[in-house]
Amino acid sequence: MSLAIIYTRASIGIQAPQINVEVHISNGLPGFVLVGLPEATVKESKDRVRSAIINSGFTFPAKKITVNLSPADLPKEGSRFDLPIAIAILAATEQIPNDHLAEYEFLGELALSGEIKAVKGAIPAALSSKKNNRTLIISSENQSEISLIHHNNTLITHNLLELCQYLYNEITLPSVEYREYKDGDEDNQHVNLQDIIGQEHAKRALEIAAAGGHNLLLIGPPGTGKTMLATRLTSLLPPLSDDEALESAAITSLVSTNGSIQNWRIRPFRAPHHSASTAALVGGGSIPRPGEISLAHNGVLFLDELPEFNRKVLDALREPIESGEIVISRANAKIKFPAKFQLIAAMNPSPTGHYQGTHNRTTPQQIIRYLNRLSGPFLDRFDISIEVPLLPKGTLSQKVTMTESTDKVKKRVIDARKIQMIRNKKLNSQLSPREIQIYCLLTDEDNDYLEQALIKLGLSARAWHRILKVSRTIADLDCTKNIERKHISEALSYRSMDRLLIQMHKNIG
């Protein structure tokens with residue numbers, strides 16, 4: 001038989017479309033032709049496949065070899081097609097049996113020795129193979145991430161010779177068994193809210209942000225604990241569910257073959273540097289790869305030194321913050337990545353770090369120019385903005401009184417989230433305008449109170465909705481059915497950026 005067809009999977013975003021590897025062996029001058037829109041890394045597979053076949057003890061045909069990767073309109077990238085091409089050549093030259101190959105899908109990079117290496121995007125490929133009722137054969141190096149999938153039908157192998165022995169029914173290959181990994185809570189014990197001295201108002205804001213999934217902006221001078229507060233947010237959040245954890249692991253598998261499997265149930269925490277480009281943050285490339293916002297899916301994205309980020313980079317976050325996904329369009333592909341993340345940011349109130357007191361060395365005009373690096377529509381995406389001030393005199397020298405531990409606050413957060421899921425079927429931060437009208441009802445007096453506050457602060461209708469959602473979360477933490485005036489007042493107290501801008505404009509006037 002001079003023709004063989006082998007099934008494999010490409011990697012397009014978090015999708016793994018089926019690719020048919022068709023190999024035809026014909027008479028003529030020896031050659032190796034690869035067609036079907038292959039990228040440079042795929043074209044390089046010719047030499048890897050030739051060496052792997054020879055070094056595994058098989059014969060590489062001295063004939064004309066034509067390899068077609070179908071469908072031809074899908075872009076193919078990476079070394080993931082090495083193994084299926086090698087299997088197809090061996091099947092077409094009748095060096096391995098061809099009877100049951102249609103029941104399998106093959107995926108892996110070949111070393112020159114014939115060893116099978118790990119590939120990226122193994123989880124989406126395994127899920128797609130499972131839906132098509134085929135058995136995926138992949139490198140043993142991908143075993144740990146594949147073991148996250150319930151009832152997967154995946155076999156692992158170390159090298160090409162071992163795989164061919166299995167196809168000859170001479171040996172059996174081990175299957176990947178589902179493994180229940182720890183949720184990683186014990187790894188978070190060293191991160192505790194009690195480590196932060198003072199800043200009780202900011203800790204309360206962090207608790208509300210965790211309970212409702214609200215975006216949080218921390219404003220304050222250097223050294224007041226903004227980063228410490230942000231890094232403790234994930235310790236307040238409940239562990240990921242099976243579906244959420246697998247979804248996040250699938251995204252991570254697109255950029256890494258050895259993610260942190262042991263802590264896969266801990267919500268992601270991504271903290272890109274302020275020099276990050278738009279492509280690094282939202283994703284990109286000729287064949288798009290996920291950016292930081294997708295790697296933070298179901299977790300937290302922390303932007304420290306917020307005004308130092310390029311303004312265009314930050315404005316690119318506005319749409320995914322609202323929609324929970326990012327769509328990247330290219331000439332040959334349009335790819336959608338999930339990006340449902342909680343945004344936490346920290347910044348100084350001025351270029352020198354202070355805007356009042358003896359440490360202040362900037363004028364109101366300089367502070368306004370500094371704050372204008374952030375667009376108004378982007379700042380509108382923060383439900384909560386809180387000032388983290390310098391500690392009062394004597395706080396550090398006094399005996400430290402133990403405050404609430406992370407575990408105690410986390411219990412309240414989880415209880416509040418349960419209330420929201422029963423009532424809304426989603427977190428308060430994700431409520432639509434119509435749902436806000438249903439679940440965030442106010443009395444006529446409270447409506448007037450809130451409207452007057454918005455007029456005084458000069459806030460938009462989007463801010464109105466965000467204040468209502470924060471008020472709803474505060475009420476849930478109090479286990480109160482209806483939003484009360486005290487909840488609205490507390491929610492209004494978390495608008496520090498608005499008050500800072502008003503104060504600076506008054507100083508200029």
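Proximity of a side-chain donor or acceptor of Glu387 to a complementary backbone N or O of Met497 within less than 3.5 Å is not detected.
A salt bridge (charged side-chain N to carboxylate O under 4.0 Å, His left out) with Glu404 is found for exactly one of Lys203, Arg412, Arg204, namely Arg412. Among Glu435, Arg472, Lys469, Arg423, the single residue meeting the side chain to side chain donor-acceptor pair (under 3.5 Å) criterion with Asn428 is Arg423. Just one of Leu343, Ile344, Leu306, Ile384 meets the side chain to side chain contact (heavy atoms under 4.5 Å, CB included) condition when paired with Leu217; it is Leu306.
For the pair Asp476 and Arg417, the salt-bridge criterion is not met [side-chain N within less than 4.0 Å of a carboxylate O]. A salt bridge between Arg267 and Glu244 is present, with a side-chain N of the basic residue lying under 4.0 Å from a carboxylate O of the acidic one.
Residues Thr362 and Tyr355 are not in side-chain contact: their nearest non-hydrogen atoms beyond the backbone lie 4.5 Å or more apart. By the 4.5 Å heavy-atom criterion applied to side chains, Ser129 and Arg9 are counted as neighbours. For the pair Arg381/Arg466, a side-chain contact is recorded, criterion being any heavy-atom separation below 4.5 Å from C-beta on. Annotation: side chain of Leu492 is in contact with side chain of Ile467 (closest heavy-atom distance under 4.5 Å).
The number of heavy-atom neighbours closer than 6.0 Å to NZ of Lys426, taken from other residues, nucleotides and ligands shown, is above 12. Atom CD of Glu319 has 12 or fewer heavy atoms from other residues, nucleotides or ligands within 6.0 Å. Remark: Arg499 CZ is packed, more than 12 non-hydrogen atoms of other residues, nucleotides or ligands lying under 6.0 Å away. For Lys336, the NZ atom counts as loosely surrounded, since its 6.0 Å shell holds 12 or fewer non-hydrogen atoms of other residues, nucleotides or ligands.
Between Glu177 and Ser175, the side chains place a donor N or O and an acceptor N or O closer than 3.5 Å (distance only, hydrogens not considered).
Remark: Thr278 OG1 to Lys312 NZ distance equals 8.5 Å, nearest 0.5 Å. The distance from atom CG of Leu148 to atom OG of Ser248, rounded to the nearest 0.5 Å, is 11.0 Å. Remark: Ser471 OG to Lys486 NZ distance equals 12.5 Å, nearest 0.5 Å. Taking CG of Leu206 as the start and NE2 of His201 as the end, the distance is 12.5 Å to the nearest 0.5 Å.
By the side-chain hydrogen bond (donor to acceptor under 3.5 Å, both in side chains) test, Ser329 pairs with no residue at all, sequence neighbours left out. In this structure, Gln430 has no side-chain hydrogen bond (donor to acceptor under 3.5 Å, both in side chains) partners at least two apart in sequence or on a different chain.
For residues 214-224, the side-chain hydrogen bond (donor to acceptor under 3.5 Å, both in side chains) pairs, not counting sequence neighbours, are His214-Asp383, His214-Thr473.
Both the sub-6.0 Å distance and the 45° axial angle are satisfied by Arg485 relative to the ring of Tyr449.
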